[in-house]
Undergrad: 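Here it is, the structure in full.
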There are 2 protein chains.
Amino acid sequence: MSIRVAVVDDQALVRGGFAAVLDLQDDIEVVAEAGDGAAAVEIARAHRPDVILMDIRMPEMDGLTATRAIVDSADWPVKVLILTTFDPDEYVYEALRAGASGFVLKDISPEDLVAAVRTLTDGGALLAPSVTRRLISRFATPPTLDPAVVARIDRLTAREREVLIALASGLSNIEIAEGLFVGAATVKSHVSSILTKLGLTNRAQAVAFAYESGMIKPGGSDLGS
Amino acid sequence: MSIRVAVVDDQALVRGGFAAVLDLQDDIEVVAEAGDGAAAVEIARAHRPDVILMDIRMPEMDGLTATRAIVDSADWPVKVLILTTFDPDEYVYEALRAGASGFVLKDISPEDLVAAVRTLTDGGALLAPSVTRRLISRFATPPTLDPAVVARIDRLTAREREVLIALASGLSNIEIAEGLFVGAATVKSHVSSILTKLGLTNRAQAVAFAYESGMIKPGGSDLGS
DNA sequence: TTGCGGCTCCGCCATTTGGGGGAGACGCAG
DNA sequence: CTGCGTCTCCCCCAAATGGCGGAGCCGCAA
């Protein structure tokens, strides 16, 4: 059974080029083409391809919107490979969120394109090296590098940071005191100096600060669930 | 100028295999090898390679720790390509956080390995398709799909959700009241029912819930900075 | 030695918060 | 029409919070 592919691009020449490359393969069959997003959604429903090569910039409906529409409503396993001329960062995240399984540049070599289609049908994903790099850096770098925020964290003492993370878990002063084996008055002192140093006015803001600054990351608490 | 590569693996045979493949290339030169993490750090400092092929499982110091040590202290542009036998998810994120630029399986073809090294030296990044897939899904899927949490959010009325996100910004009841053009008593009522419905006891926990549940994402607030 | 900062507590006091109850107005489904 | 839920607001009151100043102890550096 050959791999069924649809090609979506507003330029017929580009579309034809990619289709020709893929059709040269014995196990790949281009079953449909479309010139804009709306048409892409239609041919996807009609032909149920395994892989869709999708351009981003298109008249009427763009490729990202079309990808979202197709992936959300598809009742068969379809993979979308985004093809773009440049690699504009803002598109990458949106494309992946839209449900795309790949993101490559149009200057990809024919062999790599064919390999990409096969990779996608095998359940893998594929990104252009520069895109991968961006994704990794976004993923690997701590969200907060804001020097102003970091500076304010640094002004806290070790003990105050302990109190802050306990506070950010929703604990009352008394509960924090028990957890740290100190008196409630001590915790009050710490909380006061935390608020002062961070320029906050209440503990709710302190909780928000703990999350916004990256001191606490979502997923660390169980919410009592 | 050829690409200078170091190969780190505890098995001499594997090391030799990769080194032989790379040395066959005119523009790639294997300048050093190491059998464990500690040695890897040393040879990295001594030879300052452009790319380091790094195994994860090694005696003494593992590849991730070595990667961290090398990347953190390197004063030259070095890229680390993680080579692993399997693709254990827990390692991927750790590796990327450690500063690795690539993550491929050892069953990679010689041509692909060479291409990977070149991609890295060109400033790109490269992941095995299965790894890319994982990274994308992690990146694209909303953090909270916990049905228990979602169920509790659903029990809140629209107005209560409004109050909750305002509350989670660190606003006092009076400030929330002003923002919503209602009386302070009304906000008190809403806050009370929010706490009751969510099974919480104070507003700090409500703030934490807002972040943990994904209702509020870090980066949305400015912390007054 | 002296000083300084951090950690530990104390008291006082105004404000906020959270729980309890209740009530009127509105819209909507049965 | 009659509930039912939501939104609005009120009362009272106990508890927690936050700001203020002050204090003793300890370790470390000048």
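In the text below, chain A, chain B and the rest are named by the order of the sequence lines, each starting its count at 1.
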Undergrad: How long is the line joining CD of A/Glu175 and P of D/dT17, in whole Å?
TA: 9 Å
Undergrad: Are any of the side-chain heavy atoms of A/Glu94 and A/Ile56 separated by less than 4.5 Å?
TA: no
Undergrad: Measure CG/A/Leu164 against P/D/dG18 and give the value in whole Å, please.
TA: 12 Å
Undergrad: Would you call B/Lys106 and B/Asp55 a salt bridge, using N to O less than 4.0 angstrom?
TA: yes
Undergrad: Less than 4.0 angstrom between a side-chain N/O of A/His190 and OP1 or OP2 of C/dG6, yes or no?
TA: no
Undergrad: What is the distance, to the nearest angstrom, from the CD atom on B/Gln205 to the P atom on D/dA16?
TA: 13 Å
Undergrad: Return the value, rounded to whole Å, for the distance between atom CZ of A/Phe181 and atom C1' of C/dC7.
TA: 17 Å
Undergrad: Output one letter per nucleotide in nucleotides 13-22 of chain C: B when a protein non-hydrogen atom lies under 4.0 Å from the base, S when only the sugar-phosphate is that close, - when neither is.
TA: ---SSBB---
Undergrad: I want to check something: taking the side chain as every heavy atom from C-beta on, are A/Thr132 and B/Thr119 in contact at a cut-off of under 4.5 Å?
TA: no
Undergrad: Expressed as a whole number of angstroms, how long is the span from A/Glu160:CD to C/dG5:P?
TA: 13 Å
Undergrad: Mind calculating the distance between CD1 (A/Ile176) and C1' (D/dT17) to the nearest angstrom?
TA: 12 Å
Undergrad: Determine to 10° how strongly the helix from C/dT1-D/dA30 to C/dG30-D/dC1 is bent, judged from the axes of its five-pair ends.
TA: 30°
Undergrad: Between A/Val182 and A/Lys197, just flag the one whose closest nucleotide in DNA chain C comes earlier from the 5' side.
TA: A/Lys197
Undergrad: Sort out for me which residue in B/His190, B/Arg203, B/Lys188, B/Glu178 forms a side chain to side chain donor-acceptor pair (under 3.5 Å) with B/Asn173.
TA: B/Arg203
Undergrad: Do B/Leu105 and B/Thr84 have side chains that get closer than 4.5 Å, going by heavy atoms?
TA: yes
Undergrad: Answer yes or no: is there a side-chain heavy-atom contact under 4.5 Å between B/Val187 and B/Leu167?
TA: no
Undergrad: Side chains of A/Leu127 and A/Arg134, heavy atoms from C-beta outward: is any pair under 4.5 Å?
TA: no
Undergrad: Rounded to the nearest angstrom, tell me the gap between atom CD1 in A/Ile194 and atom P in C/dC7.
TA: 10 Å
Undergrad: Mind checking whether B/Arg48 and B/Val78 have side chains closer than 4.5 Å, heavy atoms only?
TA: no
Undergrad: So, is B/Thr186 close to the D/dC7 phosphate, meaning a side-chain N or O under 4.0 Å from OP1 or OP2?
TA: no
Undergrad: Just wondering, do B/Leu22 and B/Val117 contact through their side chains at under 4.5 Å, heavy atoms?
TA: yes
Undergrad: In this structure, how many angstroms lie between the C1' atom of C/dG6 and the CZ atom of A/Arg161, rounded?
TA: 12 Å
Undergrad: Name the closest nucleotide to the B/Ala185 side chain, picking from D/dC10, C/dC9, C/dC7.
TA: D/dC10
